[in-house]
Amino acid sequence: MTNSSQQNNVRVPRRLLVTGGAGFIGSNFVHYWCENYPDDRVVVLDALTYAGNRHTLAALEKRPNFRFVEGNICDRALADRLLQAEKIDTVAHFAAESHVDRSILGPGAFVQTNVVGTFTLLEAFRQHCNTLSFIPPVDGGDRGGVFLHVSTDEVYGSLGPNDPAFTETTPYAPNSPYSASKAGSDHLVRAYHHTYGLPTIITNCSNNYGPYQFPEKLIPLMCINALIGKNLPVYGDGQNVRDWLFVIDHCRALDVVIHRGKPGETYNIGGNNEVKNIDLVKTLCQLMDELAPDLPVRPCSNLISFVKDRPGHDRRYAINSTKLKTQLGWTPSVTVEEGLRKTVAWYLTHRDWWEPLLSEEYQAYYRQVYVS
Ligand code: NAD
Ligand code: DAU
């Protein structure tokens, strides 16, 4: 796979701290990065919450320039030690509590990790930059280090059917404890650039899908439920719209932002793939019928059941990625048809990855959301 930096033959290896690297997007990013930049140092910091899975990174653990550290982003002393000992120049900050339904059940953890955790990392990075009194040049010296904050389109709130898609200047209007905590962290990141001159960049991305996504999210939940013959619970009337992006295209976007993004800027990332939930679920059912030989219930769509809506459920998200496309040259490479087919095939062939995640804790969570 070629990318921006391979065209530059004087590239100096980076030293990355990837928070949340054992989660869905973080682990895809770490695999992507190690494949494309094998000379870079990659240190993963992850607390291994219910959503973190070290097995996902097993293939990388033997590499000499890869390190996994189990720890919390709220632990300032640990963050200080890692930044300094590993001479980090690039923080890719994915760690978060990320599921809206869990934020409705228990918002405290979201404020702690998403707001306090991000604040802790920013303070550690600020001190790190001051102590070094420089940020090591990378990419042949044309750019220094960066604190990349990976955020969400949910900070912009909900769109009506005919509203234009979110741009980088859309006012923030978060509606769930999850999106409010992400909005809070975005504001801190912005302020640390404005006040202290830290080289921070924020990305706001739409719904991701692909391999290694925890079973609680819409697409893996539907795939796994179909495979075990459980109902496919569609919230409300199923007419809510999301803009879907294959996870590797998100990683490619973060690559160009890390290498060529401008500190202090925000970049929106989206797939330009708006789909109603019910249509998405029907497409997944068709793929399941086609690809899975031993489905317990067939046609799979017989399992679709409309359930009580999510409180405060945002109606529509849509992202305008023109800035990223025109300024940094990124475009998504995977169509939604192709991406969904790959994803369904992945869940079909990776039962060993997801089956252990259907734990007693997960069943208890499931009952709270879907049965009460
Ligand atoms: P995820 O829930 O799959 O993974 C989160 C990871 O963070 C896990 O490995 C978890 O163990 C770790 N973590 C949680 N709390 C931590 C703490 N206090 N200290 C250290 N590690 C901790 O999440 P994801 O879907 O991969 O999302 C990653 C980031 O991308 C999040 O910041 C999320 O807001 C953002 N995002 C997600 C999507 C999406 O569709 N999933 C879209 C846009 C943006
Ligand atoms: O937009 C980006 C966001 O996308 C990220 O910031 C979040 O971390 C990520 O979880 C995701 O949020 P959503 O709430 O949009 O994703 P989720 O997969 O939970 O739900 C997608 C849509 O499907 C949403 O409209 C709710 C609906 N849904 C979800 C589940 C889990 C159902 O109808 N039934 C379900 O069982």
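Whatever order the structure lists them in is the order used to number ligands and atoms, beginning at 1. Just the heavy atoms: all of them, side chains too, but no hydrogens, waters or symmetry mates, feed the values below.
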- Task: Please list, chain by chain and in numerical order, all residues satisfying side chain to side chain contact (heavy atoms under 4.5 Å, CB included) with Arg298, sequence neighbours excluded.
- Result: Asp289, Leu295
- Message: Checking the N or O distance criterion of under 3.5 Å, is ligand 1 in contact with Thr113?
- Response: yes
- If you measure every N/O of Asn207 against every N/O of ligand 1, is any gap under 3.5 Å? no
- Is the shortest side-chain N to carboxylate O distance from Asp237 to Arg315 below 4.0 Å? yes
- Query: Please state which protein non-hydrogen atom is closest to atom 40 (O) of ligand 1 and give its distance, to 0.1 Å?
  - Reply: Asn208 N, 2.9 Å
- Message: Check this for me: Gln84, atom CD, are more than 12 non-hydrogen atoms of other residues, nucleotides or ligands nearer than 6.0 Å?
- Response: no
- Task: Counting heavy atoms only, name the option from Leu254, Thr49, Ile25 that's nearest to atom 10 (C) of ligand 1.
- Result: Thr49
- Backbone or side-chain N or O of Phe94 under 3.5 Å from ligand 1 N or O: yes
- Task: Pick, from Gly20, Ala96, Ser181, the option with the minimum heavy-atom distance to atom 14 (C) of ligand 1.
- Result: Ala96
- For atom 43 (C) of ligand 1, which protein heavy atom lies nearest, and how many Å away is it? Cys205 O, 3.3 Å
- Which residues satisfy the ring-ring contact (aromatic ring centres under 6.0 Å, His included) test with His194, sequence neighbours excluded? none
- Message: Taking Arg54 first and then Glu70, would you say they form a salt bridge - that is, a charged N and a carboxylate O separated by under 4.0 Å?
- Response: no
- Query: Would you say Tyr178 has any N or O atom under 3.5 Å from an N or O of ligand 1, going by distance alone?
  - Reply: yes
- Less than 3.5 Å between some nitrogen or oxygen of Cys74 and one of ligand 1, yes or no? no
- Would you call Glu338-Arg341 a salt bridge at under 4.0 Å N-O? no
- Message: Does any N or O of ligand 1 fall below 3.5 Å from an N or O anywhere on Glu97, backbone included?
- Response: no
- Task: Following the transitive rule for hydrophobic clusters with a side-chain heavy-atom cut-off under 4.5 Å over Ile, Leu, Val, Met, Phe, Trp and Tyr, establish whether Leu78 and Val116 coincide in one cluster.
- Result: no
- Item | salt_bridge(Asp186, Lys182) N-O dist < 4.0 Å | no
- Output yes when the distance from some N or O of ligand 1 to some N or O of Tyr50 is under 3.5 Å, and no in every other case. no
- Message: Tell me whether the NZ or CZ atom of Arg242 lies within the 45° cone about the ring axis of Tyr209 and under 6.0 Å from its centre.
- Response: no
- Electrostatic pair Glu168-Arg190, nearest N-O below 4.0 angstrom: no
- Between His93 and ligand 1, is there a nitrogen or oxygen pair with a distance under 3.5 Å? no
- Message: For atom 11 (O) of ligand 1, what is the closest protein heavy atom, and at what distance to 0.1 Å?
- Response: Asp46 OD1, 2.6 Å
- Task: Please say whether the positively charged group of Lys230, taken as NZ for Lys or CZ for Arg, lies over the ring of Tyr366, i.e. under 6.0 angstrom from the six-membered ring centre and within 45 degrees of the axis.
- Result: yes
- Backbone, side chain, both or neither: what part of Lys182 comes under 4.0 angstrom of ligand 1, heavy atoms only? side chain
- Measure up the Tyr172 and Tyr156 rings against each other and bin them: parallel (under 30°), tilted (30 to 60°), perpendicular (over 60°). perpendicular
- Would you say Ser151 contacts ligand 1, with heavy atoms under 4.0 Å as the rule? yes
- Message: Evaluate Asp249 against Arg252 for salt bridge (charged side-chain N to carboxylate O under 4.0 Å, His left out), listing each step before the verdict.
- Response: CA-CA 5 Å; Asp249 277 330; Arg252 290 175 51 251; 2.6 Å; yes
- Message: Heavy atom to atom 20 (C) of ligand 1, shortest distance: which of Gly52, Ala51, Ala47 holds it?
- Response: Ala47
- Would you tell me which option among Val150, Ile219, Val116 has the nearest heavy-atom contact to atom 35 (C) of ligand 1? Val150
- Message: Return the closest protein heavy atom for atom 19 (N) of ligand 1 as residue, atom name and distance.
- Response: Ile73 N, 3.0 Å
- Query: Heavy atom under 4.0 Å from ligand 1: found in Leu48's side chain, backbone, both, or neither?
  - Reply: backbone
- Query: Considering only protein heavy atoms, which is closest to atom 25 (O) of ligand 1, and at what distance to one decimal place?
  - Reply: Phe24 CD2, 3.7 Å
- Task: Output all residues satisfying ring-ring contact (aromatic ring centres under 6.0 Å, His included) with Trp244, sequence neighbours left out; order by chain, then residue number.
- Result: none
- Indicate yes or no for a side-chain donor-acceptor contact from Asn240 to the backbone of Asn277 under 3.5 Å, with no hydrogens or angles considered. no
When you pair each N or O of ligand 2 with protein N or O atoms, which pairs come out under 3.5 Å?
| from | atom 1 | to | atom 2 | distance (Å) |
| --- | --- | --- | --- | --- |
| ligand 2 | 1 (O) | Asp153 | OD1 | 2.5 |
| ligand 2 | 1 (O) | Asn207 | OD1 | 2.8 |
| ligand 2 | 4 (O) | Asn207 | OD1 | 3.4 |
| ligand 2 | 4 (O) | Asn207 | ND2 | 3.1 |
| ligand 2 | 6 (O) | Thr152 | OG1 | 2.7 |
| ligand 2 | 6 (O) | Tyr178 | OH | 2.6 |
| ligand 2 | 8 (O) | Ser98 | O | 2.7 |
| ligand 2 | 8 (O) | Tyr178 | OH | 3.1 |
| ligand 2 | 10 (O) | Ser98 | O | 3.3 |
| ligand 2 | 12 (O) | Glu154 | OE2 | 2.7 |
| ligand 2 | 14 (O) | Arg310 | NH1 | 2.6 |
| ligand 2 | 14 (O) | Arg310 | NH2 | 3.4 |
| ligand 2 | 15 (O) | Asn207 | ND2 | 2.9 |
| ligand 2 | 15 (O) | Arg242 | NE | 2.8 |
| ligand 2 | 16 (O) | Asn207 | ND2 | 3.4 |
| ligand 2 | 18 (O) | Leu218 | N | 2.8 |
| ligand 2 | 19 (O) | Arg310 | NH2 | 2.9 |
| ligand 2 | 23 (O) | Asn277 | ND2 | 3.4 |
| ligand 2 | 25 (O) | Arg242 | NH2 | 3.2 |
| ligand 2 | 25 (O) | Asn277 | ND2 | 2.9 |
| ligand 2 | 25 (O) | His313 | NE2 | 2.7 |
| ligand 2 | 33 (O) | Tyr235 | N | 2.8 |
| ligand 2 | 34 (N) | Pro233 | O | 2.8 |
| ligand 2 | 36 (O) | Pro233 | O | 3.3 |
| ligand 2 | 36 (O) | Tyr370 | OH | 2.6 |

- Among non-hydrogen protein atoms, atom 23 (O) of ligand 1 lies closest to Ser98 OG, 3.2 Å
- Query: N/O of Asn53 under 3.5 Å from N/O of ligand 1, yes or no?
  - Reply: no
- By number and element, which atoms of ligand 1 are closer than 4.0 Å to a non-hydrogen atom of Gly23? 3 (O), 4 (O), 6 (C), 8 (C), 9 (O)
- Tell me which part of Ser206 gets within contact of ligand 1: side chain, backbone, both or neither, using heavy atoms under 4.0 Å. backbone
- Can you say whether the rings of Trp346 and Trp353 are parallel (under 30°), tilted (30 to 60°) or perpendicular (over 60°)? perpendicular
- Taking the non-hydrogen atoms of Gly71, is any one of them nearer than 4.0 angstrom to ligand 1? yes
- Query: Does CG belonging to Asp75 count more than 12 external heavy atoms closer than 6.0 Å?
  - Reply: yes
- Do Arg41 and Glu86 sit within salt-bridge range, that is, some charged N less than 4.0 Å from a carboxylate O? yes
